[in-house]
Chemist: 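Could you have a look at this structure, given as structure tokens, before my questions?
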Amino acid sequence: MQTAEALPTVEVAQKLGLTEDEFHKIVEIMGRTPNFTELSIFSVMWSEHCSYKNSITYLKKLPRKGEHLLVEAGEENAGLIDIGDGLACAFKIESHNHPSAIEPYQGAATGVGGIHRDIFTMGARPIAALNSLRFGDIDNPKTQHLMKGVVKGIGNYGNCFGVPTVGGEVYFDKCYQQNILVNAMSVGIVKVGETVSAIADGPGNPVLIVGSATGKDGIHGATFASADLTEDSSQDLPAVQVGDPFQEKLLLEATLEAIKTGAIVGMQDMGAAGITCSTSEMSAKSKTGMKIDLDKVPTRQADMKPFEILLSESQERMLIVCHKGQEQKLYDVFDKWDLECEHIGEVTDTGIIDFYAKGELVASVPADPLVLGGGAPVYDRMYSRPAYLDEVSAFSIDKVKEPTDLVAAARQVFASPNIVSKRWIYQQYDSMVRTNTMTTNAISDAAVIRLKDSKKSLVVTVDCNGSYVYANPYVGAMIAVSEAARNIVCSGGEPAAITNCLNFGNPYDEGVYYQFVNALKGMGEACEKFNTPVTGGNVSFYNQSVYKDSTEPVFPTPTIGMLGIMEEGKKHMTMDFKQAGDEIYLIGDVVNDIGSSEYVKIVHGIDKSTVPHFDLQKEFDLQTALKGLISSDAVCSLHDISEGGLFTCLMESSMPNNLGFVINTDAAYRKDAYLFGEAQSRVVASVAADKVAEFENQLAAQNVLFYKLGKVSNGDLAIDGQDFGSLAGWTEMYNTTIENKLEN
């Protein structure tokens with residue numbers, strides 16, 4: 001092995017993101033002081049992004065088993081569930097937050113590319129994409145710059161790659177000003193039994209690298225993602241990868257064709273930590289090793305150093321272990337698609353990964369200790385209840401004056417960037433490519449994707465209101481799961497499983513870790529209730545900014561990506577009112593609650609208030625009742641009440657068909673709470689006159705509360721006899737608010 005270089009010290013290890021204790025543990029594992037290349041390998045593999053060292057203790061407590069699951073969380077690149085008819089669905093959500101905050105276009109684009117590769121590496125064809133985005137103050141020029149770059153990156157990559165973007169969510173809050181969140185989800189389909197695992201079985205089998213050449217982009221990207229953003233983070237631009245969607249499209253088609261040859265033993269996407277991650281994780285899973293010649297790795301730049309090749313996160317690359325003697329089958333396929341396919345090494349039985357360059361051994365590291373479950377550290381951090389929760393607990397609705405002008409208050413709430421249409425964003429996404437999307441014109445609370453090889457459809461959504469989780473991490477995370485399930489049920493689907501993207505601040509901050517621990521507890525309980533096991537996902541810590549000596553974590557944002565199934569013969573339920581004269585009902589409780597609502601924040605300027613009213617059992621009962629109403633064709637539309645409360649829900653059901661509503665509130669409740677409160681477990685339904693008796697009888701039989709509000713109108717908007725103006729005016733404001741802000 002090369003020994004001319006000076007061996008690294010603790011100080012060097014710390015600059016690479018390792019602690020002093022971790023450095024000494026590495027020396028103990030190696031039985032010697034590692035060289036710089038070896039230490040770099042450990043630094044990326046033991047980063048939070050790759051090792052989950054600060055989160056795995058609590059991730060393991062989430063429900064990870066279910067009747068539909070084909071693999072448990074963490075076993076493969078993505079979750080995999082059996083959806084019937086001989087088909088399986090692979091799906092996953094991941095973050096690309098830090099790169100997008102520094103270089104929004106490439107950061108978001110490569111986030112989309114990376115999550116799709118996780119899906120087709122398993123042999124599944126991606127058929128849908130979703131995203132969950134968080135930005136700061138929309139009036140801030142920096143926010144607008146980041147937003148435009150992120151949206152363009154997502155749109156350009158997805159549109160060129162040929163996978164429709166079918167749904168998503170966008171929130172704005174000052175806590176995301178310095179540290180935006182960009183979470184991308186991919187959903188794919190594969191025949192049961194035709195998936196590929198990320199394994200390296202069979203000593204002597206060839207190891208191939210396929211796809212793009214390796215460059216210097218993305219080096220130490222995993223380490224970059226495992227540290228706070230600072231004013232100097234722009235200097236880390238080389239840590240941001242560069243994507244090529246056309247190359248990825250070729251890689252997709254070539255990979256799926258290569259799988260059919262039967263020549264592949266195992267395969268893994270080169271995401272975080274590049275060659276280092278794929279070689280170590282595949283070897284550790286099979287309890288084997290590898291011998292890799294870095295000189296055979298195709299590179300985009302001359303004289304790349306070994307550690308640069310190993311740590312590069314250049315996009316559109318895969319590592320394949322091939323059955324010995326069948327290499328030519330793969331060469332032929334990848335040559336057909338004009339892609340690199342190079343033999344760079346062999347599987348060994350040593351448990352060690354040996355990397356060579358210029359004929360010399362430049363790094364020799366044991367595979368298992370690099371990965372979680374081997375020797376990677378696992379921490380259970382100290383946590384304590386953050387002081388701000390005292391302010392939250394002190395909030396009382398009795399201290400908030402009701403507005404004298406309800407129409408003006410409604411306009412303030414309805415004009416919130418968190419509520420108005422995001423059409424400026426979604427119009428840049430192709431939602432119809434492959435012609436499977438059923439919700440482009442038929443709008444429902446979740447996206448519905450028809451499966452061409454099945455009589456079933458997939459129902460998918462991403463959900464999380466970070467301000468709820470900030471107010472109460474335990475209940476807020478329960479709400480995130482419950483709202484995702486409610487959106488799927490309101491669309492006619494049956495919730496099946498979730499993937500999650502857990503966006504939090506620095507885990508060394510005791511208040512942040514308190515949020516994390518309690519959010520996972522709430523998430524787990526809700527998943528158990530709805531029988532939606534966790535199939536995998538991503539933990540993204542360090543989402544906080546150090547700026548001029550102040551530190552600001554983002555809201556704890558555990559984004560839920562949920563998959564549901566719509567069985568053959570089930571009705572796709574939409575949210576739009578269908579005809580004037582239909583009765584309008586509110587299903588669920590009415591409570592005097594305005595906590596954490598857009599109303600209390602925008603109209604009253606209160607940024608710390610209690611989490612919205614929520615009861616998990618009532619939520620479960622509500623969803624059970626909704627399934628029955630849809631099955632019996634007792635409702636014309638369903639739309640869940642969320643941000644903006646009942647008023648916003650009614651408006652969103654009115655606008656698609658230019659209908660309106662004439663309703664009355666209940667004098668027993670405050671009008672602002674009735675109209676703008678965001679208490680959970682509530683849905684607005686429209687019911688045809690000849691179905692009213694059946695509708696009411698079903699809900700009464702299941703002890704689910706309901707209130708008759710009024711009727712669908714031809715366009716009039718009236719509440720308690722008060723005229724709320726023309727629907728056209730509200731629609732114009734809804735559709736153009738964000739566009740106007742971005743144009744000015």
Side-chain angles (χ1 to χ4, degrees), residues 1 5-60 74 98 218-230 236 239 271-281 283-284 289 306-308 310-311 313 351-353 355 362-383 502 504-510 512-513 516-517 538-544 546:
M1 181 182 296
E5 64 182 69
L7 294 177
T9 62
V10 170
E11 289 73 26
V12 172
Q14 290 172 330
K15 288 180 180 179
L16 291 174
L18 295 163
T19 67
E20 182 176 353
D21 287 343
E22 288 169 350
F23 176 75
H24 293 310
K25 185 174 183 179
I26 293 167
V27 172
E28 181 182 341
I29 289 171
M30 297 282 288
R32 57 180 173 81
T33 301
N35 63 32
F36 180 79
T37 300
E38 293 166 336
L39 189 63
S40 294
I41 290 171
F42 273 95
S43 75
V44 293
M45 292 305 298
W46 282 13
S47 68
E48 182 63 40
H49 191 75
C50 291
S51 74
Y52 294 155
K53 59 189 176 185
N54 289 305
S55 56
I56 192 62
T57 297
Y58 295 94
L59 293 176
K60 287 183 175 179
H98 281 26
I219 293 173
H220 271 297
T223 306
F224 172 57
S226 305
D228 295 340
L229 286 182
T230 70
D236 294 327
I275 294 174
T276 294
C277 186
S278 51
T279 54
S280 59
E281 289 187 351
S283 296
F307 85 89
E308 292 175 324
L310 286 170
L311 272 58
E313 295 181 9
I352 304 292
I353 311 173
F355 296 103
V362 295
S364 180
V365 291
D368 195 55
L370 290 174
V371 301
L372 198 66
V378 174
Y379 300 117
D380 187 357
R381 298 289 175 199
M382 296 289 292
Y383 59 88
L502 308 177
F504 289 82
N506 192 321
Y508 291 81
D509 181 321
E510 292 188 10
V512 167
Y513 210 65
F516 176 77
V517 170
N538 172 223
V539 178
S540 178
F541 280 133
Y542 302 98
N543 290 294
Q544 62 187 46
V546 180

Chemist: What closest approach, in Å, do Tyr52 and Leu59 show between heavy atoms, and which atom pair accounts for it?
Modeler: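 Looks like CD1-CD1, 4.2 Å.
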Chemist: Do you know which two heavy atoms are closest between Val512 and Gln544, and how far apart they sit?
Modeler: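 It is CG2-OE1, 4.1 Å.
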Chemist: So which heavy atom on Ile41 is nearest to which on Thr276, and how close?
Modeler: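 Of all heavy-atom pairs spanning Ile41 and Thr276, the closest is CG2-CG2, 3.5 Å.
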Chemist: What are the two closest non-hydrogen atoms of Lys25 and Pro377, and how far apart are they?
Modeler: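 That would be NZ-CA, 4.0 Å.
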Chemist: With a 3.5 Å distance limit and no angle check, can you tell me whether Glu38 reaches the backbone of Ser364 through a side-chain donor-acceptor pair?
Modeler: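 Present.
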Chemist: In this structure, are over 12 heavy atoms from other groups packed under 6.0 Å from Tyr383 atom OH?
Modeler: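 Counting neighbours around OH of Tyr383, 12 or fewer heavy atoms of other residues, nucleotides or ligands fall under 6.0 Å, so no.
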Chemist: Would you name the heavy atoms of Ala376 and Trp46 that are closest together and state the gap between them?
Modeler: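 Nearest heavy atoms, Ala376 then Trp46: CA-NE1, 3.4 Å.
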Chemist: Would you call the rings of Tyr508 and Tyr542 parallel, tilted or perpendicular, taking 30° and 60° as the class edges?
Modeler: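 The rings of Tyr508 and Tyr542 sit tilted, inter-plane angle from 30° to 60°.
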Chemist: Just checking Glu28: does its CD atom have more than 12 heavy atoms from other residues, nucleotides or ligands closer to it than 6.0 angstrom?
Modeler: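 Check fails, neighbour count at 12 or below.
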Chemist: Show the nearest heavy-atom pair for residues Val27 and Pro34, with the distance to one decimal.
Modeler: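 For Val27 and Pro34, the tightest heavy-atom pair comes out as CG2-CD, 4.0 Å.
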Chemist: Can a donor-acceptor pair be found, under 3.5 Å and without considering hydrogens, that links the side chain of Glu20 to the backbone of Val10?
Modeler: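 Not confirmed, Glu20 side chain does not pair with Val10 backbone.
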Chemist: Which residues pass the side-chain contact (heavy atoms from CB on, under 4.5 Å) test with Thr9, not counting sequence neighbours?
Modeler: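 Listed in chain order: Glu11, Val12.
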Chemist: Could you tell me if the side chain of Met30 sits less than 4.5 Å from the side chain of Pro366, heavy atoms only?
Modeler: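 A side-chain contact under 4.5 Å exists here.
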Chemist: Which value, rounded to the nearest 0.5 Å, describes the distance between His24 atom NE2 and Thr19 atom OG1?
Modeler: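 Result: 9.0 Å between the selected atoms.
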Chemist: Does any N or O in the side chain of Asn35 come within less than 3.5 Å of the main-chain N or O of Leu7, such that one atom is a donor and the other an acceptor?
Modeler: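 It does not hold such a pair.
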